[in-house]
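Quick caveat, the model's predicted, so the values are computed rather than measured. Each chain gets a letter, A, B and so on, in the order the sequences are listed, and its residues count up from 1.
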2 protein chains.
Amino acid sequence: MTETAQQSTDQPNRGVRLPRDARRAQLLSAAQDVFVANGYHAAAMDDIADRAGVSKPVLYQHFPGKLELYLALLETHGTELVSRVREAIESNPDNKQRVRAAVGALYEFVDREDQAFRLVFESDLRGEPAVERAVEQASSGCIDAVAEAVTADAGLDHERARLLAVGLVGLSQVTARDWLDTENSISRDEAVNLMSTLAWKGLAGFPMQQG
Amino acid sequence: MTETAQQSTDQPNRGVRLPRDARRAQLLSAAQDVFVANGYHAAAMDDIADRAGVSKPVLYQHFPGKLELYLALLETHGTELVSRVREAIESNPDNKQRVRAAVGALYEFVDREDQAFRLVFESDLRGEPAVERAVEQASSGCIDAVAEAVTADAGLDHERARLLAVGLVGLSQVTARDWLDTENSISRDEAVNLMSTLAWKGLAGFPMQQG
DNA sequence: CAAAATCTCTACCGACAAGTAAAGTTGGGT
DNA sequence: ACCCAACTTTACTTGTCGGTAGAGATTTTG
């Protein structure tokens with residue numbers, strides 16, 4: 001039994017009091033649903049409060065404003081993603097399998113039920129430094145993780161290795177989103193296989209190319 | 001005394017009448033600057049009018065609303081991009097050079113002075129069907145062009161070829177943007193070389209993989 | 001040179017959403 | 001059972017921005 005049950009569409013539990021942590025978690029969850037569905041701008045604080053079965057001031061007792069609420073989600077999922085990618089890479093000895101694991105981690109993140117990736121990869125809030133920083137942090141976290149693994153193997157200097165890493169992460173991210181949009185598509189495993197093979201074969205061209 | 005000579009402080013041409021087409025073009029240019037700099041939401045119609053040295057009602061005599069103005073730019077640059085990619089592919093006989101030309105076209109587009117790519121690749125307007133359609137059209141236009149070239153060469157079925165094409169386009173697009181952000185970086189040509197090599201070597205792994 | 005048509009500007013309206021103050025309500029401690 | 005404290009809610013304020021009406025200027029035409 002989930003004591004912090006979500007109020008999806010109706011609000012049967014309006015008025016019930018929750019411990020502070022549970023309430024905060026519930027608000028975050030509701031906010032995520034609304035932000036994912038509508039984007040930052042179209043998401044109204046009223047919508048979020050309604051979704052949580054709560055009124056607006058309650059929201060403002062837990063978060064100082066809309067931006068902070070958004071940032072809390074963004075940072076959580078950003079670091080989450082970076083962790084998953086790092087784990088995937090570090091828990092595999094072989095470099096080829098590392099690439100596959102990294103691509104797999106990206107796909108898994110995109111395939112999550114809560115669609116958290118839309119916050120990180122499709123944020124519609126621009127010009128806000130804190131947001132750009134959070135997104136940049138997630139992005140460069142993944143890139144650095146891949147770049148480290150690639151540098152040694154491909155025998156490239158840091159700058160070029162990083163560009164390759166950017167390519168691999170971008171490739172995974174974009175294809176993962178496309179794969180998700182294409183409903184009746186091939187299985188996730190096969191998509192990951194295709195992409196990691198593409199990446200690996202591509203990388204294989206480089207040591208001899210440079211040295 | 002009552003000279004309205006204040007005109008020349010910011011916008012020297014304030015008050016000057018222009019033929020309809022010229023005015024429209026100027027407005028589009030101003031709008032692009034503002035949309036690129038601030039994104040859709042933060043761009044105010046007043047800003048655009050000011051930037052064009054014109055007042056707001058003039059804007060509304062040429063475009064029925066903010067959305068239509070935005071769409072006009074989006075569609076123009078979207079089709080422009082697709083054309084460039086198609087040209088790049090079709091004007092090269094060799095498949096390897098086709099890949100390089102396609103990647104080069106993406107980089108060129110991103111490297112344009114007016115930064116039009118930010119409208120197509122970083123649009124912060126979501127939920128508006130017309131916008132999603134325009135972006136989708138640009139995206140799929142590029143993808144299809146690449147997919148056609150890839151299908152024959154790699155001996156893959158349509159679905160997998162398309163996924164690969166998505167990967168190549170995504171790879172180019174993401175790395176191009178990253179390359180642009182990294183000021184003191186390697187030259188565009190070398191970046192294009194790196195990426196198209198990565199793509200080509202990666203693709204080379206596929207005919208034998210499947211057949 | 002004068003008058004009208006046309007273009008442009010200043011000033012305004014209304015909608016919408018973030019954030020808040022004060023009233024109302026519920027539950028826990030004694 | 002009662003009262004206090006914390007939690008919730010209703011209802012409001014405020015600021016911003018898309019869009020518009022009517023006044024003012026300028027070029028063209030008779």
Side-chain angles (χ1 to χ4, degrees), chain A residues 3-4 7 11-27 30-31 34-35 37-72 124-128 131, chain B residues 1-27 30-31 34-35 37-72 124-128 130-131:
Chain A
E3 45 252 312
T4 68
Q7 326 286 316
Q11 299 104 3
N13 294 17
R14 247 190 137 82
V16 297
R17 300 184 172 192
L18 258 51
R20 193 168 173 81
D21 288 353
R23 181 65 86 191
R24 183 187 159 94
Q26 183 207 16
L27 292 176
V34 177
F35 280 135
N38 304 110
Y40 179 84
H41 288 101
M45 291 297 263
D46 291 287
D47 295 347
I48 296 171
D50 281 358
R51 166 68 87 135
V54 149
S55 63
K56 221 177 354 171
V58 178
L59 215 45
Y60 283 93
Q61 285 170 357
H62 289 261
F63 302 95
K66 189 181 180 182
L67 180 61
E68 287 77 14
L69 178 55
Y70 189 69
L71 277 174
D124 64 336
L125 180 54
R126 290 182 47 194
E128 209 65 35
V131 172
Chain B
M1 299 323 187
T2 74
E3 276 106 20
T4 58
Q6 244 72 327
Q7 306 164 349
S8 53
T9 50
D10 248 342
Q11 283 298 338
N13 293 13
R14 215 162 169 101
V16 171
R17 298 188 171 186
L18 258 51
R20 194 168 171 83
D21 288 352
R23 181 65 84 192
R24 184 188 158 94
Q26 181 205 16
L27 292 177
V34 176
F35 280 136
N38 304 111
Y40 179 85
H41 288 101
M45 291 298 262
D46 292 286
D47 296 346
I48 294 170
D50 281 358
R51 166 67 82 130
V54 148
S55 63
K56 226 182 342 173
V58 179
L59 214 45
Y60 284 93
Q61 285 170 358
H62 288 260
F63 302 95
K66 189 181 182 182
L67 179 63
E68 286 78 13
L69 178 54
Y70 189 70
L71 276 175
D124 64 336
L125 180 54
R126 290 181 48 194
E128 209 66 35
V131 172

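With rounding to whole Å, A/L59 atom CG is found 12 Å from D/dT9 atom P. If you take NE2 of B/H62 and C1' of C/dT8, they are 11 Å apart, rounded to a whole angstrom. Rounded to whole Å, atom C1' of D/dC7 lies 18 Å from atom OH of A/Y60. Atom CE of B/M45 is separated from atom P of C/dA11 by 21 Å (rounded to the nearest Å). When the P atom of D/dG19 is taken as reference, atom CG of B/D47 falls 14 Å away, rounded to whole Å.
Checked against D/dG19, D/dT9, C/dG19, the side chain of B/K56 finds its nearest nucleotide in D/dG19. Here the nucleotide nearest the side chain of A/Q61, chosen from C/dA18, D/dT8, D/dG18, is D/dT8.
Note on ring orientation: taking the six-membered ring where Trp is involved, the planes of A/F35 and A/Y40 are parallel (angle under 30°, cut-offs 30° and 60°).
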Apply the test side chain to side chain contact (heavy atoms under 4.5 Å, CB included) to residues B/L71 and B/E128: give CA-CA distance (whole Å), side-chain angles for both, the deciding distance (0.1 Å), then the verdict.
-> CA-CA 10 Å; B/L71 276 175; B/E128 209 66 35; over 6 Å; no

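Counting any heavy atom pair closer than 4.0 Å across all strands shown, B/A43 reaches sugar-phosphate atoms only and no base atom.
Under 4.0 angstrom from either OP1 or OP2 of D/dC7 there lies no side-chain N or O belonging to A/R23.
Within 3.5 Å, no donor on the side chain of B/K66 pairs with an acceptor on the base of D/dG19, nor the reverse.
A residue-by-residue look at A/P57 and A/Y40 shows that A/Y40 has its nearest nucleotide of DNA chain C further toward the 5' end.
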